There are 2 protein chains.
Amino acid sequence: MTSDARFAEVASLAGEPTRVVMLHALMDGRALTASELARVAGVTPQTASDHLGKLVAGGLLSVQQQGRHRYHRIASAAVAHMIESIVQVASVAMPMRRTLATGPKDDALRRARTCYDHLAGRLGVALADALVVGGHIDLTPDAGLLSNSGMALMVRIGIDVASLSPSMSKRGRVLCRPCLDWSERRPHLAGNLGAALCALSFDKGWIRRIDGTRAVRITPAGYRDYRELLDVRLVP
Amino acid sequence: MTSDARFAEVASLAGEPTRVVMLHALMDGRALTASELARVAGVTPQTASDHLGKLVAGGLLSVQQQGRHRYHRIASAAVAHMIESIVQVASVAMPMRRTLATGPKDDALRRARTCYDHLAGRLGVALADALVVGGHIDLTPDAGLLSNSGMALMVRIGIDVASLSPSMSKRGRVLCRPCLDWSERRPHLAGNLGAALCALSFDKGWIRRIDGTRAVRITPAGYRDYRELLDVRLVP
DNA sequence: GGCATCATTCGATGCCGCCCGAAACTTCGA
DNA sequence: TCGAAGTTTCGGGCGGCATCGAATGATGCC
């Protein structure tokens, strides 16, 4: 198999409508069973099984067996990054083309959602903006830097910054990087710090997942603490 | 059209073998005619025209008419980045799978090639290594920083660093960032600085393009100047 | 103006792969 | 050991798409 053929295999695996729904459902980092993914995608279990087998064989998903359930998840950060980059291309406005449909489900996604392991949507962008305005981080299109005041702030709200440094974490993932938001077209916060803020938000009850989707709902406590602790102004 | 359908469209456009060859042939940033792309991909002109029409309609390529020729190029940096990210996923070693075939053509690519607008392959990685070892740049997996000595070095070899800063350049592209090399699995240099070094290498005659491919040949002058100016050790 | 070249459109053909019904396999609980 | 639930395999139907031959625009050169 040539490298070109392998490229085509990967891209076409990600280019089938049913598989797209499955991949996007897994983009929050959770592991879902074949039945759950079949229901999400609106196909029968045997069809879903076929697709999942191909995605696993192609290296896009990894599978973990627990009893009679088989949990599927995004195989690697590289795969998640690839999906993000395809979303970027797919979300650009196209001339001579009617705009993309935006249902009520999309509205919830635009408001606040998870993007692989960090926060996105208006919430994610507002959070990044507030940190930049407060002088806590410095964001350029391709890199991010946490300032001393930012480190102090993170420690104050309960994030152990030291344990997030690239040398400590697996894969050498960077502490802080921007990730272009597909709905807002502006950067939000990714990297280990972005993941930690997302995890903290769930732990503290600032956000809750809507159904089984990537969309999240901001709780009253979330509105209060985001404003008081991080100076993030959100309109319900 | 839903955003999921648009995602599937983009990914499947990049997932057809003939189109893959065309996209990869354009990844060095050049603009090629329909006939040239047809010859590269090994299909008839009418088949190529069909594919190119779809790629343009899908936003992956842009086209520019000059006389009776129509020049096609990668539509945006976002598209180039998407292709790079798919290459990353496609190039991971897969268990229970025979390794990817590596023909003589691939050998030339592995030695030295362009990656969109910067240098890659063993040359690109060696260049990045030499700059890191010399204390001229600091590369982390997600970010790159040019030191004072690095700026002096760039000015000395004829690169106007000031004009490459993100605020000066279009798109706010970052000055210096790493790009994971698909054949070496180690970072090489991208961003405005990577592009400038690549352009300088062509201007000074250090490298020359092989045929019409992304592969480049290092000239004797290149071996000498890379070693004397940048302390890059290369074995012919 | 006439011809050669580049490029696209149209129609026909053939193949690939998505999908589901039926059935087999695996695992868990009783 | 038996039944229920999760998952996979097998087979056939069906739609979509890549491909090429032939013909039709578009452009430049002589």
Side-chain angles (χ1 to χ4, degrees), chain A residues 1-2 4-26 30-58 60-73 96 212, chain B residues 1-2 4-26 30-58 60-73 96 212:
Chain A
M1 176 183 256
T2 70
D4 277 357
R6 168 74 180 138
F7 181 104
E9 179 191 13
V10 171
S12 61
L13 279 172
E16 203 279 327
T18 301
R19 287 194 289 262
V20 168
V21 177
M22 293 177 170
L23 289 172
H24 282 181
L26 292 167
R30 287 176 305 167
L32 300 179
T33 66
S35 306
E36 290 170 326
L37 288 167
R39 190 159 31 78
V40 170
V43 293
T44 59
Q46 60 267 32
T47 299
S49 176
D50 187 26
H51 285 304
L52 292 171
K54 290 175 183 174
L55 289 169
V56 170
L60 274 68
L61 296 184
S62 65
V63 64
Q64 182 180 0
Q65 183 132 12
Q66 274 185 21
R68 52 184 162 182
H69 297 277
R70 302 195 65 185
Y71 289 95
H72 298 79
R73 68 172 70 241
M96 313 301 292
Chain B
M1 176 182 256
T2 68
D4 277 357
R6 168 74 181 138
F7 181 102
E9 179 192 14
V10 170
S12 61
L13 279 173
E16 203 279 328
T18 300
R19 288 194 287 263
V20 168
V21 177
M22 293 177 169
L23 289 172
H24 282 181
L26 293 168
R30 288 175 305 165
L32 300 179
T33 67
S35 306
E36 289 171 326
L37 288 167
R39 188 163 34 77
V40 169
V43 293
T44 60
Q46 59 268 34
T47 299
S49 177
D50 187 26
H51 285 304
L52 291 171
K54 290 175 183 174
L55 288 170
V56 170
L60 273 68
L61 296 185
S62 64
V63 65
Q64 182 181 358
Q65 184 133 9
Q66 273 184 21
R68 53 183 163 182
H69 296 277
R70 302 194 66 188
Y71 289 94
H72 298 79
R73 67 172 70 243
M96 312 301 290

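Just so it is clear, the values below take in all heavy atoms, side chains as well, and ignore hydrogens, waters and symmetry mates. This is a predicted model, so every value here is computed, not measured. In what follows, chains carry the letters A, B, and so on, assigned in the order in which the sequence lines appear, proteins first and then strands, with residues in each chain numbered from 1.
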Trainee: Ignoring backbone atoms, test whether A:T47 places a side-chain nitrogen or oxygen under 4.0 Å from the OP1 or OP2 oxygen of C:dC20.
Mentor: yes
Trainee: Please report the distance, rounded to the nearest Å, between CD in B:E9 and C1' in D:dG16.
Mentor: 15 Å
Trainee: Could a donor-acceptor pair under 3.5 angstrom be found where the side chain of B:Q46 meets the base of D:dG21?
Mentor: yes
Trainee: Which atom pair, heavy atoms only, marks the closest approach of A:A14 to A:V20?
Mentor: O-CG2, 3.4 Å
Trainee: Nearest whole angstrom, please: distance from the C1' of D:dT7 to the CG of A:L52.
Mentor: 10 Å
Trainee: Could you tell me whether the phosphate oxygens of C:dC19, OP1 or OP2, come under 4.0 Å of any side-chain nitrogen or oxygen in A:T18?
Mentor: yes
Trainee: Considering every strand and a 4.0 Å limit on heavy-atom distances, what is the contact class for B:D50: base, sugar-phosphate, or nothing?
Mentor: base
Trainee: Take the protein atom OH of A:Y71 and the nucleotide atom C1' of D:dT7, then report the distance between them rounded to whole Å.
Mentor: 13 Å
Trainee: Look at the side chain of A:T33 and decide which nucleotide, out of C:dT9, D:dT7, D:dT8, has an atom nearest to it.
Mentor: D:dT7
Trainee: To the nearest Å, how far apart are A:E36 CD and D:dA5 P?
Mentor: 16 Å
Trainee: Would you indicate, yes or no, if C:dT8 has its OP1 or OP2 atom less than 4.0 angstrom from a side-chain nitrogen or oxygen of B:R70?
Mentor: yes
Trainee: Quickly work out the B:H72 NE2 to C:dC6 P distance and round it to whole Å.
Mentor: 15 Å
Trainee: Could you tell me the separation between the CG atom of B:L13 and the C1' atom of D:dA18, rounded to a whole number of Å?
Mentor: 13 Å
Trainee: Could you tell me the separation between the CD atom of B:Q65 and the C1' atom of C:dC6, rounded to a whole number of Å?
Mentor: 10 Å
Trainee: Using the rule side chain to side chain contact (heavy atoms under 4.5 Å, CB included), only one of B:L52, B:L61, B:L60 pairs with B:M22; which is it?
Mentor: B:L52
Trainee: Can you see which heavy atom on A:E9 is nearest to which on A:G58, and at what distance?
Mentor: OE2-CA, 4.1 Å
Trainee: Measure from the side chain of A:E16, starting at C-beta and using heavy atoms only, and say which of C:dC19, D:dA18, D:dG6 lies closest.
Mentor: C:dC19
Trainee: Please give, in whole Å, the distance from D:dT7 P to A:R39 CZ?
Mentor: 11 Å
Trainee: For A:A8, does its backbone N or O pair with a side-chain atom of B:R19 as donor and acceptor, under 3.5 Å?
Mentor: no
Trainee: Which nucleotide in the list C:dC20, D:dT7, C:dC6 gets nearest to the side chain of B:S35?
Mentor: C:dC6
Trainee: The side chain of B:H51 is closest to which nucleotide in this list: D:dT7, C:dC20, D:dT19?
Mentor: D:dT19
Trainee: By nearest atom, which of the nucleotides D:dT7, C:dT8, D:dT19 is closest to the A:P45 side chain?
Mentor: D:dT7
Trainee: I'd like to check B:L37 versus B:L26 (side-chain heavy atoms, cut-off strictly below 4.5 Å). Are they in contact?
Mentor: yes
Trainee: Kindly point out which of D:dT7, C:dG17, C:dC19 is positioned nearest to the side chain of A:K54?
Mentor: C:dG17
Trainee: Considering only side-chain heavy atoms of B:T44, which listed nucleotide, C:dA7, D:dC20, D:dT27, is closest?
Mentor: D:dC20
